[in-house]
Amino acid sequence: MYFISVESAVCDEYLTFADLKGTIKEFLRQMFGQDLPIRFRTSYFPFTELSAEVDLQWNGKWLEVLGCGTVDPNVLKAVGLDPEKYTGFAAGFGVERFAMVLYEIDDIRRVYASDLRFLRQF
């Protein structure tokens with residue numbers, strides 16, 4: 001099975017996890033046109049030092065929609081940035097998960113089933 005993701009990253013002076021959370025919250029608000037309940041859960045990704053999964057509440061259930069984290073200082077060093085001065089954060093979201101919410105698709109497997117009756121709706 002495969003999935004399609006959109007990745008983003010930003011580096012600047014003194015960015016924090018709070019900046020990441022605020023950016024994610026605003027992105028989701030803009031994307032879905034409303035404030036949906038969201039939660040950040042601790043996770044692990046190899047290139048971030050603090051990592052989280054982000055879920056949003058949809059149809060009475062929690063749906064994981066993206067992963068994110070602050071950039072590991074070793075990654076910054078590897079690209080020639082001083083981790084004492086620069087920090088960053090990154091996020092990646094699954095396009096299919098966003099489509100589920102935007103188009104009210106009840107089961108992600110429908111996206112992968114190649115059923116033309118379903119796909120022609122879009």
Side-chain angles (χ1 to χ4, degrees):
M1 175 118 105
Y2 64 92
F3 69 97
I4 300 167
S5 66
V6 175
E7 306 294 327
S8 63
V10 63
C11 289
D12 202 353
E13 295 181 18
Y14 313 112
L15 291 173
T16 67
F17 197 82
D19 296 310
L20 166 64
K21 283 183 74 173
T23 301
I24 296 293
K25 286 180 180 182
E26 180 60 17
F27 171 73
L28 293 173
R29 189 182 72 74
Q30 292 287 329
M31 187 73 183
F32 299 115
Q34 60 181 314
D35 285 322
L36 295 172
I38 66 170
R39 68 181 180 188
F40 288 75
R41 291 181 294 112
T42 304
S43 189
Y44 169 78
F45 300 107
F47 301 108
T48 56
E49 187 173 58
L50 296 174
S51 303
E53 301 282 350
V54 180
D55 306 326
L56 60 85
Q57 197 166 49
W58 176 67
N59 286 346
K61 298 179 182 176
W62 289 104
L63 177 67
E64 178 185 327
V65 291
L66 64 88
C68 61
T70 54
V71 178
D72 188 298
N74 292 319
V75 172
L76 296 171
K77 286 180 195 174
V79 297
L81 294 175
D82 178 1
E84 295 295 321
K85 182 176 181 181
Y86 293 99
T87 56
F89 57 81
F93 67 86
V95 173
E96 297 90 343
R97 298 294 177 110
F98 277 55
M100 284 181 69
V101 176
L102 289 169
Y103 298 110
E104 299 184 16
I105 299 169
D106 62 342
D107 189 332
I108 198 166
R109 292 173 291 193
R110 292 179 181 270
V111 176
Y112 302 113
S114 300
D115 182 344
L116 290 177
R117 295 168 297 178
F118 170 75
L119 296 173
R120 284 190 176 127
Q121 297 177 66
F122 309 101

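Basis for what follows: all heavy atoms, side chains included, without hydrogens, waters or symmetry-related copies.
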- Query: Same cluster for Val10 and Val71 if Ile/Leu/Val/Met/Phe/Trp/Tyr side chains link at under 4.5 Å?
  - Reply: no
- Going from CZ on Phe47 to OG1 on Thr70, what distance comes out if it is rounded to the nearest 0.5 angstrom? 14.0 Å
- Query: Got a second to check how far Glu64's CD is from Glu53's CD, nearest 0.5 Å?
  - Reply: 4.0 Å
- Message: Hydrophobic cluster membership, with links at side-chain heavy-atom distances under 4.5 Å among I/L/V/M/F/W/Y: are Trp62 and Phe98 in one?
- Response: no
- For Leu76 and Cys11, run side-chain contact (heavy atoms from CB on, under 4.5 Å): C-alpha distance rounded to whole Å, both residues' side-chain angles, the deciding distance at 0.1 Å, then the answer. CA-CA 9 Å; Leu76 296 171; Cys11 289; 3.7 Å; yes
- Tell me, with the steps shown, if Val65 and Asp55 meet side-chain contact (heavy atoms from CB on, under 4.5 Å). CA-CA 6 Å; Val65 291; Asp55 306 326; over 6 Å; no
- Message: Just so I know, are the side chains of Gln34 and Leu36 near enough to count as touching, which here means a heavy-atom distance under 4.5 Å?
- Response: yes
- Passing option when Cys68 is tested against Phe89, Phe40, Phe45 for side chain to side chain contact (heavy atoms under 4.5 Å, CB included): Phe40
- Mind checking whether Leu28 and Val54 have side chains closer than 4.5 Å, heavy atoms only? yes
- Message: Under the side chain to side chain contact (heavy atoms under 4.5 Å, CB included) test against Arg97, which residue among Leu66, Leu63, Leu102, Val111 passes?
- Response: Leu63
- Query: Is the Phe27-Phe93 ring centre distance short of 6.0 angstrom?
  - Reply: yes
- Query: Is any side-chain heavy atom of Thr48 less than 4.5 Å from a side-chain heavy atom of Asp72?
  - Reply: no
- Item | Partner set under ring pair (Phe, Tyr, Trp, His ring centres under 6.0 Å) for Phe122, not counting sequence neighbours | Tyr103, Phe118
- Message: Looking at Thr87, is its backbone amide N or carbonyl O close enough to the side chain of Glu13 to form a donor-acceptor pair, meaning the two atoms are under 3.5 Å apart?
- Response: no
- Approximate separation, where rounding is to 0.5 Å, of Gln57 CD and Arg39 CZ: 8.5 Å
- Is the closest side-chain heavy-atom distance between Ile38 and Lys25 below 4.5 Å? yes
- Residues, nucleotides or ligands: over 12 heavy atoms within 6.0 Å of Gln121 CD: yes
- Message: Using side-chain heavy atoms (C-beta onward) and a distance below 4.5 Å, is Val101 in contact with Leu56?
- Response: yes
- Query: So if you build clusters from Ile, Leu, Val, Met, Phe, Trp, Tyr with side-chain heavy-atom gaps below 4.5 Å, do Tyr86 and Leu15 land together?
  - Reply: no
- Can the positive tip of Lys85 be found less than 6.0 Å from the middle of the six-membered ring of Tyr14, inside 45° of the ring normal? no
- Query: CG of Asp115 to CZ of Arg109: how many Å apart, nearest 0.5 Å?
  - Reply: 13.5 Å
- Query: For atom CD of Glu7, is the number of surrounding heavy atoms from other residues, nucleotides or ligands below 6.0 Å larger than 12?
  - Reply: yes
- Query: So, do Arg110 and Met100 sit near enough that their side-chain heavy atoms are less than 4.5 Å apart?
  - Reply: no
- Message: Using every non-hydrogen atom in the two residues, find where Ala90 and Leu20 come nearest and quote the distance to one decimal.
- Response: O-CD1, 4.2 Å
- Message: Within the structure provided, determine whether Trp58 and Phe32 are in side-chain contact (heavy-atom separation under 4.5 Å).
- Response: no
- Query: Between the side chain of Asp82 and the main-chain N/O of Glu84, is any donor-acceptor distance below 3.5 Å?
  - Reply: yes
